[in-house]
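Everything below concerns the one structure shown next.
A quick note: this is a predicted structure, and the numbers were derived from the prediction, not measured. Just so it is clear: chains get the letters A, B, ... in the order the sequence lines come, proteins before strands, and each one is counted from 1.
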Number of protein chains: 2
Amino acid sequence: MAHDHSELLKKIRNDMPADELLQDLGDLFKIFGDTTRIKIMYALYEGEMCVCAISELLNMTQSAISHQLKTLKDANLVSSRRDGKEIYYSLSDEHVKSIIAEGFEHITE
Amino acid sequence: MAHDHSELLKKIRNDMPADELLQDLGDLFKIFGDTTRIKIMYALYEGEMCVCAISELLNMTQSAISHQLKTLKDANLVSSRRDGKEIYYSLSDEHVKSIIAEGFEHITE
DNA sequence: TCCTCATATGATTACTTGCTCATATGTTCA
DNA sequence: TGAACATATGAGCAAGTAATCATATGAGGA
């Protein structure tokens with residue numbers, strides 16, 4: 001810890017959001033940190049899709065997709081509605097798109 | 001795979017970014033998906049800090065912080081400069097702030 | 001009611017990851 | 001040159017996680 005940082009640290013501690021909020025923020029980005037989930041969200045950009053369409057699109061098992069959809073739903077990033085035997089998923093709100101868009105800008109600079 | 005999705009899938013496949021790009025996007029968000037790294041980036045909001053100041057701020061070992069700084073640097077999210085014995089880290093660009101800001105909006109809605 | 005289709009879910013496993021410990025590198029000063 | 005300080009880095013371990021497999025739930029049609 002060497003030399004003295006107390007002034008700087010006091011200032012920063014004062015400006016930083018609460019630990020719990022930063023934890024939630026990390027948890028949110030963790031959801032975006034998986035290629036399968038990113039693909040699912042991107043697929044839903046244009047509108048709702050049923051589970052079997054998503055699994056066909058990504059060429060993955062229905063089970064794998066279902067598990068990921070549950071993760072996304074628990075995080076309030078997607079919503080679902082039932083229509084007969086099928087269940088249709090869609091993006092919960094516009095934040096999903098804007099978060100992905102910001103990430104995209106950093107990648108493609 | 002049941003019923004026919006070929007029309008929908010054809011359209012979506014056409015609009016989706018390349019797999020490699022989506023992979024990079026996931027990798028980027030993965031970096032943001034850890035509370036320690038989020039805290040480090042937030043700490044650097046106001047300007048550069050040396051490693052020992054960060055580790056004192058977060059109350060973590062110098063080694064743990066160094067490892068995370070390496071991760072952040074490899075992802076081009078932070079830069080460093082040496083000044084004598086100390087090495088000062090700062091945010092690489094404004095994208096870091098805007099990505100975090102977007103995430104924040106979703107959390108605090 | 002029984003069968004089939006669409007989806008959900010629990011358990012298991014292979015892989016990833018963040019921290020720790022020990023040690024290496026690099027800088028300043030006497 | 002050697003000692004002290006600041007930081008980096010490699011190995012190892014414990015915790016977390018994404019896919020798989022088997023099975024459960026739930027809806028529609030014969």
Side-chain angles (χ1 to χ4, degrees), chain A residues 1-5 8-9 19 22-23 26-41 43-44 48-75 77-90, chain B residues 1-5 8-9 19 22-23 26-41 43-44 48-75 77-90:
Chain A
M1 23 183 133
H3 55 282
D4 184 49
H5 308 294
L8 176 61
L9 295 194
D19 255 51
L22 294 173
Q23 175 79 50
D27 290 344
L28 175 67
F29 285 123
K30 205 168 288 176
I31 309 281
F32 286 81
D34 176 82
T35 308
T36 300
R37 287 191 293 264
I38 288 275
K39 285 180 182 174
I40 292 177
M41 289 186 275
L44 299 178
E48 63 180 15
M49 288 179 78
C50 66
V51 179
C52 69
I54 299 174
S55 71
E56 190 178 343
L57 174 70
L58 303 188
N59 202 32
M60 292 178 62
T61 64
Q62 172 267 318
S63 179
I65 299 298
S66 254
H67 278 294
Q68 295 294 19
L69 285 170
K70 175 166 173 49
T71 302
L72 290 168
K73 195 173 182 184
D74 287 349
L77 297 173
V78 304
S79 323
S80 65
R81 72 175 182 87
R82 176 181 282 277
D83 179 17
K85 280 181 294 186
E86 287 147 39
I87 296 186
Y88 287 86
Y89 282 84
S90 53
Chain B
M1 23 184 131
H3 54 281
D4 185 49
H5 308 294
L8 176 62
L9 295 194
D19 254 51
L22 294 173
Q23 176 79 49
D27 290 344
L28 174 68
F29 285 122
K30 204 169 287 175
I31 310 282
F32 286 82
D34 175 81
T35 310
T36 300
R37 287 191 293 264
I38 287 273
K39 285 181 182 174
I40 292 176
M41 290 187 274
L44 298 178
E48 63 180 16
M49 287 179 79
C50 65
V51 179
C52 69
I54 299 174
S55 69
E56 191 179 341
L57 174 71
L58 303 189
N59 202 32
M60 292 177 63
T61 65
Q62 172 268 319
S63 178
I65 298 298
S66 254
H67 278 294
Q68 295 294 20
L69 284 170
K70 176 165 172 50
T71 301
L72 289 168
K73 194 172 181 183
D74 287 348
L77 296 174
V78 304
S79 323
S80 63
R81 71 176 182 87
R82 176 180 284 276
D83 179 18
K85 281 180 294 187
E86 288 148 37
I87 295 186
Y88 287 87
Y89 282 84
S90 53

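For the pair A:Asp74 CG and C:dT9 P, the interatomic distance rounds to 9 Å; values are reported in whole Å. Between B:His5 atom NE2 and C:dA6 atom P the separation is 8 Å, expressed in whole Å. Here the C1' atom of nucleotide D:dT9 and the CD1 atom of B:Ile87 are 13 Å apart, to the nearest Å. Atom CD1 in A:Ile65 sits roughly 11 Å away from atom C1' in D:dA18 (whole-Å rounding). A:Asp83 has its CG atom 12 Å from the C1' atom of D:dG28, to the nearest Å. Rounded to whole angstrom, the span from the CZ atom of A:Phe29 across to the C1' atom of D:dG16 amounts to 20 Å. Regarding B:Lys85, its NZ atom lies at a distance of 8 Å from the C1' atom of C:dC29, rounded to whole Å. Protein atom NZ of B:Lys70 is 13 Å distant from nucleotide atom P of D:dA11, rounded to whole Å.
Neither OP1 nor OP2 of D:dT17 sits under 4.0 Å from any side-chain N or O of A:Gln68. Using a 4.0 Å cut-off, some side-chain N or O of B:Tyr89 falls inside it from OP1 or OP2 of D:dA8.
The heavy-atom pair separating B:Asp83 from B:Arg81 by the smallest distance is CB-NH1, 3.5 Å.
Evaluation of the side-chain hydrogen bond (donor to acceptor under 3.5 Å, both in side chains) rule for B:Ser90 yields no partner, not counting sequence neighbours. For B:Lys73, the side chain to side chain contact (heavy atoms under 4.5 Å, CB included) test picks out B:Val78, B:Ser80, B:Tyr89, with sequence neighbours left out. Taking the salt bridge (Lys or Arg N to Asp or Glu O under 4.0 Å) definition, one finds that A:Asp74 meets it with A:Lys70, sequence neighbours left out. In this view, A:Leu8 and A:Ile12, B:Met49 satisfy the side chain to side chain contact (heavy atoms under 4.5 Å, CB included) rule, not counting sequence neighbours. Applying the ring pair (Phe, Tyr, Trp, His ring centres under 6.0 Å) criterion to B:Phe32, with sequence neighbours excluded, gives A:Phe29. Residues passing the salt bridge (Lys or Arg N to Asp or Glu O under 4.0 Å) test with A:Asp19, sequence neighbours excluded: B:Lys39.
Atom OG1 of residue B:Thr36 and atom CD of residue A:Gln23 lie 9.0 Å apart, to the nearest 0.5 angstrom. Once rounded to the nearest 0.5 Å, the distance linking CD of B:Glu86 with SG of B:Cys52 reads 5.5 Å.
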Show me the donor-acceptor pairs within less than 3.5 Å that the side chains of residues 57-67 of chain B make with the rest of the protein, sequence neighbours left out.
| unit_1 | atom_1 | unit_2 | atom_2 | d |
| --- | --- | --- | --- | --- |
| B:Thr61 | OG1 | B:Ala64 | N | 3.1 |
| B:Gln62 | NE2 | B:Ser66 | OG | 3.3 |

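Heavy-atom nearest nucleotides on DNA chain D were determined for A:Lys30 and for A:Arg82, and the one closer to the 5' end corresponds to A:Lys30.
Less than 4.0 Å separates DNA chain C from at least one heavy atom of each of the following residues of residues 33-40 of chain B: B:Asp34, B:Thr36, B:Arg37.
Counting non-hydrogen atoms under 4.0 angstrom, A:Tyr88 reaches nothing in the nucleic acid.
Considering only heavy atoms from C-beta on, B:Lys30 comes within 4.5 Å of B:Asp27 through its side chain. The shortest distance between side-chain heavy atoms of A:Ile54 and A:Gln68 does not fall below 4.5 Å.
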N/O to N/O distances under 3.5 Å, protein versus nucleotides 20-23 of chain D:
| unit_1 | atom_1 | unit_2 | atom_2 | d |
| --- | --- | --- | --- | --- |
| D:dT20 | OP2 | A:Thr61 | OG1 | 3.3 |
| D:dT20 | O4 | A:His67 | NE2 | 3.3 |
| D:dC21 | N4 | A:Ser63 | OG | 2.8 |

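Each end of the helix from C:dT1-D:dA30 to C:dA30-D:dT1 gets its own axis, taken as the rotation carrying the C1' atoms of four end pairs onto the next four within a five-pair window, and the two axes meet at 20° to the nearest 10 degrees.
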